[in-house]
Amino acid sequence: MIELNEVSYSYGGDALLSDISLRLAPGSFHFLTGPSGAGKSTLLKLCYMELMATQGTVTLFGRPAHEIGRDGVASVRRRVGIVHQDCQFLDHLPLLENVALPLTVSGQSTEANMAEMQELLAWVGLSSKLRALPPELSGGERQRAALARAVVMSPDVILADEPTGNLDWEMSLRLLTLLVELNRMGKAILVATHDLNLIRQAKAQVAARVLRIKDRRLQLAGADL
Ligand SMILES: Nc1ncnc2c1ncn2[C@@H]1O[C@H](COP(=O)(O)OP(=O)(O)O)[C@@H](O)[C@H]1O
Ligand SMILES: [Mg+2]
């Protein structure tokens with residue numbers, strides 16, 4: 001569904017990423033590791049057209065990114081759920097409206113989708129927080145809300161950037177369980193993380209492939225995790 005072919009990327013100077021090939025097929029689960037500054041977030045941004053490859057081709061749902069262009073980004077993004085590293089919310093809007101924002105932006109009303117919204121928020125364990133404002137939520141609640149917002153449009157692919165970055169172990173496991181459930185529904189999942197314990201735990205639950213950025217390139221990580 002998302003495919004990178006011999007992709008390189010540079011912010012202007014030397015290449016940060018070189019010769020990256022990756023295929024996110026339906027139902028696949030990938031982890032992306034590598035030290036801070038290796039280019040994990042950059043690689044995710046290439047996958048959702050926040051950045052365009054300096055060389056090589058990124059293909060989304062069968063169309064090369066350079067053909068989709070700026071005008072087509074919105075339609076592609078509807079099929080890609082993104083959980084950002086710093087999950088930002090509109091602080092003056094209650095949680096329910098924040099999670100429903102992608103629907104609102106695409107012209108659908110929260111009211112018309114209320115049953116689905118309540119089901120979604122129950123799934124992430126936030127039924128009692130519908131009216132809460134984002135600043136009133138804990139880190140774990142914010143991350144689960146960010147995941148709910150990422151899946152509200154029923155995307156085919158979910159890209160998560162350090163989704164458990166600030167969470168304790170119990171909450172990290174809870175988030176992992178949600179990602180595994182989405183994967184079992186056939187969604188392609190790519191999680192950037194440096195939490196190797198999380199990866200070990202996930203491998204007990206799903207057939208996840210672990211990729212690592214090393215010296216600008218993407219490698220398949222072995223048993224040496
Ligand atoms: N907008 C930008 N302009 C220039 N350099 C950037 C930009 N964004 C990130 N970088 C640099 O690219 C490198 C990789 O960043 P990033 O993809 O965020 O790595 P990671 O997510 O693995 O920590 C870092 O050295 C970072 O400083
Ligand atoms: Mg990052």
Side-chain angles (χ1 to χ4, degrees), residues 2-24 28-60 65-66 68-70 73 76-77 80-89 139-140 142-147 149-151 155 157-169 171-173 175-176 178-179 182 188-203 208-222 224-225:
I2 296 183
E3 211 169 322
L4 277 66
N5 269 304
E6 296 173 15
V7 164
S8 297
Y9 188 78
S10 148
Y11 280 106
D14 293 341
L16 172 67
L17 298 169
S18 269
D19 202 18
I20 305 273
S21 293
L22 169 66
R23 186 165 166 267
L24 303 180
S28 64
F29 201 125
H30 289 88
F31 283 103
L32 179 62
T33 63
S36 180
K40 301 182 293 298
S41 297
T42 302
L43 181 47
L44 258 56
K45 286 175 184 166
L46 289 165
C47 290
Y48 62 88
M49 291 181 67
E50 178 72 22
L51 297 172
M52 298 298 269
T54 316
Q55 278 177 48
T57 315
V58 177
T59 308
L60 298 102
H66 59 265
I68 296 168
R70 285 289 127 202
V73 169
V76 164
R77 293 252 178 97
V80 183
I82 305 158
V83 184
H84 292 282
Q85 200 159 1
D86 53 359
C87 52
Q88 287 176 354
F89 297 98
R142 289 171 70 87
Q143 285 292 356
R144 282 180 281 140
L147 183 62
R149 183 177 56 187
V151 300
V157 182
I158 291 146
L159 307 172
D161 198 353
E162 309 272 4
T164 61
N166 306 311
L167 304 186
D168 61 30
W169 180 238
M171 199 51 75
S172 299
L173 288 182
L175 204 81
L176 176 66
L178 296 173
L179 289 165
L182 289 165
I189 315 270
L190 174 60
V191 182
T193 182
H194 54 248
D195 186 347
L196 299 185
N197 282 327
L198 187 76
I199 297 177
R200 288 188 200 106
Q201 183 65 38
K203 288 184 91 167
R209 293 178 83 210
V210 184
L211 307 169
R212 179 196 292 144
I213 302 177
K214 183 144 191 275
D215 301 330
R216 305 195 303 275
R217 289 167 193 273
L218 200 58
Q219 319 178 318
L220 196 57
D224 59 324
L225 261 180

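Remember, it's 1-based here, ligands and their atoms both numbered in the order they're listed. The chain is numbered in sequence order, starting from 1. This is a predicted model, so every value here is computed, not measured.
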Proximal ligand 1 atoms for Leu16, defined as those under 4.0 Å from one of its heavy atoms: 12 (O), 13 (C), 14 (C)

Residues, nucleotides or ligands: over 12 heavy atoms within 6.0 Å of Asp14 CG: no

Parallel, tilted or perpendicular, as decided by the 30° and 60° cut-offs, for the rings of Tyr11 and Tyr9: perpendicular

Heteroatom test (N, O or S) for Ser36 near the Mg ion (ligand 2), limit 2.8 Å: no

For Lys40, atoms of ligand 1 separated by under 4.0 Å from a heavy atom: 17 (O), 19 (O), 20 (P), 21 (O), 22 (O), 23 (O)

Close approach of Gly34 to ligand 1, heavy atoms, under 4.0 angstrom: no

Nearest-option assignment for atom 15 (O) of ligand 1, heavy atoms, candidates Thr42, Leu51, Leu44, Ile213: Thr42

Pick from Ser10, Gly37, Gly12: the one approaching atom 13 (C) of ligand 1 most closely through a non-hydrogen atom: Gly37

4.5 Å side-chain heavy-atom contact, Glu162 and His194: yes

Option of least heavy-atom distance to atom 21 (O) of ligand 1 (set: Ala38, Ser41, Ala192, Pro35): Ser41

Any protein heavy atom nearer than 4.0 Å to atom 1 (N) of ligand 1: yes

For atom 3 (N) of ligand 1, the protein heavy atom that lies nearest, with its residue and separation: Tyr11 CD2, 3.4 Å

Test item: Ser21 side-chain N/O and Glu6 main-chain N/O as donor-acceptor pair under 3.5 Å: yes

pair Met52-Met49: side-chain heavy atoms closer than 4.5 Å: yes

Within-4.5 Å side-chain heavy-atom neighbours: Arg216 and Leu17: no

SB check Lys40 Asp161 (cutoff 4.0 Å): no

Nearest-neighbour protein heavy atom for atom 19 (O) of ligand 1, which is reported as residue plus atom name and distance: Gly39 N, 3.2 Å

